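Data first, discussion second: the structure below is written as structure tokens.
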Number of protein chains: 2
Amino acid sequence: MGNRTTLSDEVYEAVKALIMDHAIAPGARVTIDAVSRQLDVSPTPVREALARLESDGLVVKRPMAGYTTTPLLTPGEFEQLFEVRLLLECAAAARAATQETSGVDFPRLPRPVADRGYAGHAAFTAADAAFHDAVAVAGGNPLLRDAITRLHAHLHVHRISFPGAGTTEAEHAAIVAAIRSGDPSGADSAMRAHLEAARDRHRLRT
Amino acid sequence: MGNRTTLSDEVYEAVKALIMDHAIAPGARVTIDAVSRQLDVSPTPVREALARLESDGLVVKRPMAGYTTTPLLTPGEFEQLFEVRLLLECAAAARAATQETSGVDFPRLPRPVADRGYAGHAAFTAADAAFHDAVAVAGGNPLLRDAITRLHAHLHVHRISFPGAGTTEAEHAAIVAAIRSGDPSGADSAMRAHLEAARDRHRLRT
DNA sequence: TGGAGCAGAATCCTATAGGATTCTGCGGCG
DNA sequence: CGCCGCAGAATCCTATAGGATTCTGCTCCA
């Protein structure tokens, strides 16, 4: 079949989802055989997927002793993550305001209706990640976007604290408005305000 | 034997060196079998190493069609890279000036002797990378340091243009002086001046 | 009681084999 | 002359097997 996706890629996504869903506890061992049995594939693609996840910083390898998931972000690392996000994402938003973005679609968030359980939270996280990625792309600097992507900010934040809806959508709208009106410093400020508010929202729960 | 390094890691470093040395041309195909024969290992660890290199952005995978090295940076991407470096490394230098760094060793560059051979250039690149990494570490934000590392800036620059010694050592000394005297804005400026000068030096040769 | 030592089991690491897919060169046709 | 289709070869992807290393639990001794 003209399947354009390889088994290694599917395993990669599956294991990433397992980590995100807390199906694998933070700091727990990830045995290759266990994953291969659970997903009913051979160890080879699992090994390949774990190698990539290690580069992503989601698991760590100890030679001859297997992989373990990275522990949750400490409060200090949480602050460090947002410090880097402020650096990169504010710059991307400011750049986006100088670009032609009339045809760009900035995804909206799902309505923060009453708790839909885990699935709802996961969908919210995914939509928020999509919005931030859209801003990064609109910045027009692919290397900057890659640097933002490799932070895996949403994944790490999701692991420690399921996002609260709050006023996120309004903050997003303010960012989009500043970008579309061609106001770089306004976009920078709006993104900064949004990230600092999000940081405070999540910080409350730790 | 208590060998603390696994074959996959050695292959990873070996292939990275091959790319850096232009032993594998930019944009050329990297066949798993060829690498495994050349290094005299089985394809499995090669596959694992290439998966990691793909996460690093040094090779790209096309499903069912193998890996190819990433092409050289275009002039546009070169500018984008330095834009991100300015964002991250200036912030790291400024942070370093607020930290206790009396015991930190900032590596010096090798004397820019008339050695025009490849080994000399490679040593210069390695020493320059070590200096910039030391500044990133001194910044005290491990996540910021990781973001800088993942840019693989020195590797990409080395591929397109062997570094010219120039006045690099003097610029480095200015950065160290600002950091040690606890002057964040001075460190930021010094790093900015250094990166912009380096950018211009390399830009001349493209 | 607490720590060192050892045997068994589990796991990892590497090598090899077989089916599926893609790439390449050549001939035929418009 | 240029484009399409096809067969052979090369390559990739996955599965399985065997040797090497680490982890675990128990026993023994100070």
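Keep in mind that the numbers below use all heavy atoms, side chains included, and drop hydrogens, waters and symmetry copies. This one's a predicted model, so the numbers in the text were calculated from it and none came from an experiment. Order of the sequence lines fixes the chain letters, A, B, ..., with proteins taken first and strands second; residue numbering starts at 1 for each chain.
Minimum atom distance to the side chain of B:Thr6 is reached by C:dC13, of the listed C:dC13, C:dT11, C:dT16. Between D:dA15, C:dT11, C:dT21, one nucleotide has an atom nearer to the side chain of A:Pro45 than all others, and that is D:dA15. Each of D:dC13, C:dT11, C:dC13 was ranked by its minimum atom distance to the side chain of A:Arg29; first place goes to C:dT11. Taking every side-chain heavy atom of A:Asp33 into account, C:dC12 is the closest of C:dC12, D:dT14, C:dA15. Distances were taken from every side-chain heavy atom of A:Ala65 (C-beta onward) to each of C:dT14, D:dT16, D:dC23; the shortest belongs to D:dC23. Listed nucleotides: D:dA15, C:dC13, D:dC13. Nearest to the side chain of B:Ile32: D:dC13.
Counting to the nearest Å, the C1' atom of C:dC13 and the OH atom of B:Tyr12 are 19 Å from each other. Atom OH in A:Tyr67 sits about 15 Å away from atom P in D:dC23, given to the nearest Å. As rounded to whole Å, 15 Å separates atom P of C:dC12 from atom CG of B:Asp9. A straight line from NZ of A:Lys61 to P of C:dT11 spans 18 Å, rounded to a whole angstrom. Spacing between atom CG of A:Leu7 and atom P of D:dC13 amounts to 11 Å, rounded to whole angstrom units. At whole-Å resolution of the value, CD in B:Glu10 and P in C:dC13 are 13 Å apart. One atom, CG of A:Leu50, and another, P of C:dT11, lie 14 Å apart when rounded to the nearest Å. Regarding A:Glu48, its CD atom lies at a distance of 15 Å from the C1' atom of C:dC13, rounded to whole Å.
Put simply, B:Ser8 has a side-chain N or O that comes within less than 4.0 Å of OP1 or OP2 on C:dT14. Taking 4.0 angstrom as the limit, A:Arg47 places none of its side-chain polar atoms (N or O) nearer than this to OP1 or OP2 of C:dC12. Between B:Ser42 and C:dA15, a side-chain N or O to OP1/OP2 separation shorter than 4.0 Å is present. For B:Arg62, a side-chain nitrogen or oxygen approaches OP1 or OP2 of C:dC23 to under 4.0 Å.
Looking only at side-chain heavy atoms (C-beta outward), B:Val30 and B:Ile24 come within less than 4.5 Å of each other.
Looking at heavy-atom distances under 4.0 Å, A:Thr31 makes contact with sugar-phosphate atoms alone, never a base.
A:Thr31 places a side-chain N or O within 3.5 Å of a backbone atom of A:Ala34 that can act as its donor or acceptor partner.
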Test log, rule salt bridge (Lys or Arg N to Asp or Glu O under 4.0 Å), inputs B:Arg203 and B:Glu196: CA-CA 10 Å; B:Arg203 197 153 46 187; B:Glu196 289 176 346; over 6 Å; no

Show your reasoning for whether side-chain hydrogen bond (donor to acceptor under 3.5 Å, both in side chains) applies to A:His132 and A:His194. CA-CA 11 Å; A:His132 282 266; A:His194 170 48; 3.2 Å; yes

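Taking a cutoff of 4.0 Å between a charged side-chain nitrogen and a carboxylate oxygen, B:Asp9 and B:Arg52 qualify as a salt bridge.
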